[in-house]
*Asks:* 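I'd like to ask some things about the structure below.
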Amino acid sequence: MKKILLLVLSITLLFTSSVFANSANNTEKNNKSENFIEKNVDGITFKISKKYSQLITNEDLESIAKDYQEEEILITIEEIGYAEEDSFSKDLIEPMWGVGNTYETTYGAWGTEYVKKDAFVASVAKGESYTLTSEIKINLNASYTGTPYVPITVGADITATYIKSHTFEGPEETSFFNSREFRVKFYEKSSNWTQKWYMDGFLVGTKTGIRTSATKYLKYSVDRNIQ
């Protein structure tokens, strides 16, 4: 009789533990889902972190969706990072004096933001996870074209960072998709520059070019089926 009671008690405890474990897992999944909103853009379903839902624009989502028009996928926007805006000046004249020379640099207003590059980070299969053993940094640096007489002012740099011990998780076992790819899309703006070289008040030469400034990055993941 005691053996029967012990067996029943053991089964009851095992069942109760299983129920609590499943309940905890479901609660965690629900909490994750509640942190995102869904939006459809150009036929692509996006999950957007509520933290950034008021910051991301339809143009941002369209810039990602256009790369995946032939696929059935789910895209999750996980993070947005912005460059410092102190370099985003409008028309500016920057004189520089030298011995017997004057260099005058004029900058045009920054143009419309555009995608500069899209970087692959990692890919994880359904039900799997991958933890970084070292930090990952991906940069987009300001630059310029042309050969100015003297140094010019360019825009801002930006860096997307994944810290050591960051874990990338693939789709859940119950997901329709079997793979999740993690990527970062970088954006920048550009403007013209003109530099004039004067000697004793007389114009000697003029040079022109384009300068760029990083504006932001979007960290996102793409759930898809890989055959």
Side-chain angles (χ1 to χ4, degrees), residues 29-91 107-124 126 136-143 154-162 166 168-172 175-192 210-226:
K29 291 177 182 178
N30 289 336
N31 287 340
K32 286 183 178 180
S33 298
E34 289 173 358
N35 290 329
F36 292 85
I37 64 170
E38 286 196 4
K39 189 171 186 178
N40 189 287
V41 176
D42 293 343
I44 302 294
T45 301
F46 285 87
K47 284 177 61 180
I48 306 168
S49 170
K50 287 184 177 180
K51 182 178 179 180
Y52 303 108
S53 61
Q54 299 301 314
L55 299 175
I56 196 164
T57 66
N58 277 341
E59 288 76 14
D60 294 332
L61 300 179
E62 289 169 359
S63 72
I64 299 175
K66 69 181 181 60
D67 295 332
Y68 302 97
Q69 286 301 298
E70 304 303 319
E71 301 182 61
E72 185 175 5
I73 60 171
L74 170 65
I75 298 178
T76 302
I77 305 297
E78 299 176 340
E79 181 180 317
I80 306 176
Y82 293 93
E84 295 183 6
E85 297 189 5
D86 56 352
S87 297
F88 297 170
S89 56
K90 294 187 176 181
D91 294 329
Y107 302 100
W110 293 106
T112 303
E113 182 180 76
Y114 57 88
V115 175
K116 176 59 177 177
K117 70 176 183 178
D118 190 290
F120 171 83
V121 181
S123 182
V124 185
K126 175 192 285 191
I136 294 178
K137 288 188 175 183
I138 308 173
N139 304 314
L140 176 60
N141 296 324
S143 63
V154 294
D157 301 331
I158 195 169
T159 301
T161 302
Y162 292 88
H166 177 87
F168 298 99
E169 295 183 350
E172 297 174 357
S175 174
F176 170 76
F177 303 102
N178 63 18
S179 176
R180 177 172 293 156
E181 185 174 285
F182 296 86
R183 307 189 67 89
V184 186
K185 193 175 287 288
F186 289 87
Y187 300 77
E188 70 178 14
K189 293 182 178 181
S190 64
S191 76
N192 297 321
I210 296 173
R211 62 175 184 152
T212 67
S213 182
T215 55
K216 69 185 177 192
Y217 65 75
L218 298 182
K219 289 183 180 179
Y220 69 100
S221 62
V222 183
D223 288 16
R224 54 153 65 99
N225 281 311
I226 297 179

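From a predicted model like this one, the values you see are computed outputs, not experimental measurements.
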*Asks:* Just by modelled atom types, is the Glu78 backbone N or O under 3.5 Å from a matching donor or acceptor in the Thr76 side chain?
*Replies:*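 Checked: no pair found.
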
*Asks:* Could you grab the distance from atom CD1 of Ile80 to atom OG1 of Thr57, nearest 0.5 Å is fine?
*Replies:*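 Those atoms lie 8.5 Å apart.
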
*Asks:* Under the rule for side-chain contact (heavy atoms from CB on, under 4.5 Å), what residues qualify as partners of Ser143, not counting sequence neighbours?
*Replies:*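 Residues passing side-chain contact (heavy atoms from CB on, under 4.5 Å) with Ser143: Thr212.
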
*Asks:* Is the backbone N or O of Lys126 less than 3.5 Å from a side-chain atom of Asn178, with the two atoms forming a donor-acceptor pair by type?
*Replies:*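 It does not hold such a pair.
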
*Asks:* Drop me the distance from Ser175's OG to Asn225's CG, to the nearest 0.5 angstrom.
*Replies:*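 Between Ser175 OG and Asn225 CG, I get 7.5 Å after rounding to 0.5 Å.
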
*Asks:* Drop me the distance from Lys189's NZ to Trp110's CH2, to the nearest 0.5 angstrom.
*Replies:*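 Between atom NZ of Lys189 and atom CH2 of Trp110 there are 9.0 Å.
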
*Asks:* Would you find a donor on one side and an acceptor on the other, under 3.5 Å apart, between the side chain of Lys219 and the backbone of Gly81?
*Replies:*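 Checked: no pair found.
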
*Asks:* With rounding to the nearest 0.5 Å, note down the distance linking CD1 in Ile226 to CZ in Phe177.
*Replies:*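 Rounded to the nearest 0.5 Å, the CD1-CZ separation comes out at 12.0 Å.
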
*Asks:* Go through it in stages, so that I can follow the logic: the residues are Tyr114 and Ser190, the test is side chain to side chain contact (heavy atoms under 4.5 Å, CB included), and I'd like the CA-CA distance, side-chain angles, deciding distance and then a yes or no.
*Replies:* CA-CA 9 Å; Tyr114 57 88; Ser190 64; 3.8 Å; yes

*Asks:* Which residues satisfy the side-chain contact (heavy atoms from CB on, under 4.5 Å) test with Ile136, sequence neighbours excluded?
*Replies:*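 Once residues adjacent in sequence are excluded, the partners of Ile136 under the side-chain contact (heavy atoms from CB on, under 4.5 Å) criterion are Val121, Leu132, Ile138, Tyr162.
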
*Asks:* For a 4.5 angstrom cut-off between non-hydrogen side-chain atoms, does Glu169 reach Val124?
*Replies:*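 Sidechains of Val124 and Glu169: no contact.
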
*Asks:* So does Lys117 have more than 12 non-hydrogen atoms from other groups sitting under 6.0 Å from NZ?
*Replies:*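 For Lys117, atom NZ is crowded (more than 12 foreign heavy atoms under 6.0 Å).
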
*Asks:* Could you state the interatomic distance from OH (Tyr107) to CG (Asn192), rounded to the nearest 0.5 Å?
*Replies:*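 Interatomic distance, Tyr107 OH to Asn192 CG, rounded to 0.5 Å: 12.5 Å.
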
*Asks:* Just so I know, are the side chains of Asn139 and Asp157 near enough to count as touching, which here means a heavy-atom distance under 4.5 Å?
*Replies:*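 Not in contact.
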
*Asks:* What residues form a side-chain contact (heavy atoms from CB on, under 4.5 Å) with Gln69, not counting sequence neighbours?
*Replies:*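 Partners of Gln69 by the side-chain contact (heavy atoms from CB on, under 4.5 Å) criterion, ordered by chain and then number, come out as Asp42, Ile44, Ala65.
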
*Asks:* Whether the side chain of Ser213 engages the backbone of Ala156 through a donor-acceptor N/O pair (distance < 3.5 Å, no angle test) should be reported.
*Replies:*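 It does hold such a pair.
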
*Asks:* With a 4.5 Å cut-off on side-chain heavy atoms, are Leu74 and Phe176 touching?
*Replies:*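 The answer is no, as the side chains (C-beta and beyond) never meet within the 4.5 Å cut-off.
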
*Asks:* Side-chain contact test, heavy atoms from C-beta onward, threshold under 4.5 Å: evaluate it for Tyr217 versus Leu140 and give yes or no.
*Replies:*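 When only atoms from C-beta onward are counted, Leu140 and Tyr217 do not touch, as no gap falls below 4.5 Å.
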
*Asks:* Cation over ring, Lys39 on Phe46, under 6.0 Å and within 45°?
*Replies:*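 No - Lys39 does not lie over the ring of Phe46 by the 6.0 Å and 45° rule.
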
*Asks:* Listing request: all salt bridge (Lys or Arg N to Asp or Glu O under 4.0 Å) pairs with a residue in residues 54-63, at least two apart in sequence or in separate chains.
*Replies:*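 Only Asp60-Lys216 qualify under salt bridge (Lys or Arg N to Asp or Glu O under 4.0 Å).
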
*Asks:* So which atom in Gly170 and which in Arg180 form the shortest heavy-atom distance, rounded to 0.1 Å?
*Replies:*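 For Gly170 and Arg180, the tightest heavy-atom pair comes out as O-NH1, 3.2 Å.
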
*Asks:* Applying side-chain contact (heavy atoms from CB on, under 4.5 Å), can you list everything that pairs with Lys185, at least two apart in sequence or on another chain?
*Replies:*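 Partners of Lys185 under the side-chain contact (heavy atoms from CB on, under 4.5 Å) test: Ser63, Ile64, Asp67, Val115, Asp118, Tyr187, Tyr220.
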
*Asks:* What distance separates Leu218 CG from Arg183 CZ, expressed to the nearest 0.5 Å?
*Replies:*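 The CG atom of Leu218 sits 13.0 Å away from the CZ atom of Arg183.
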
*Asks:* Could you tell me which residues satisfy side-chain hydrogen bond (donor to acceptor under 3.5 Å, both in side chains) with Ser191, sequence neighbours excluded, listed by chain and number?
*Replies:*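 Partners of Ser191 under the side-chain hydrogen bond (donor to acceptor under 3.5 Å, both in side chains) test: Arg211.
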
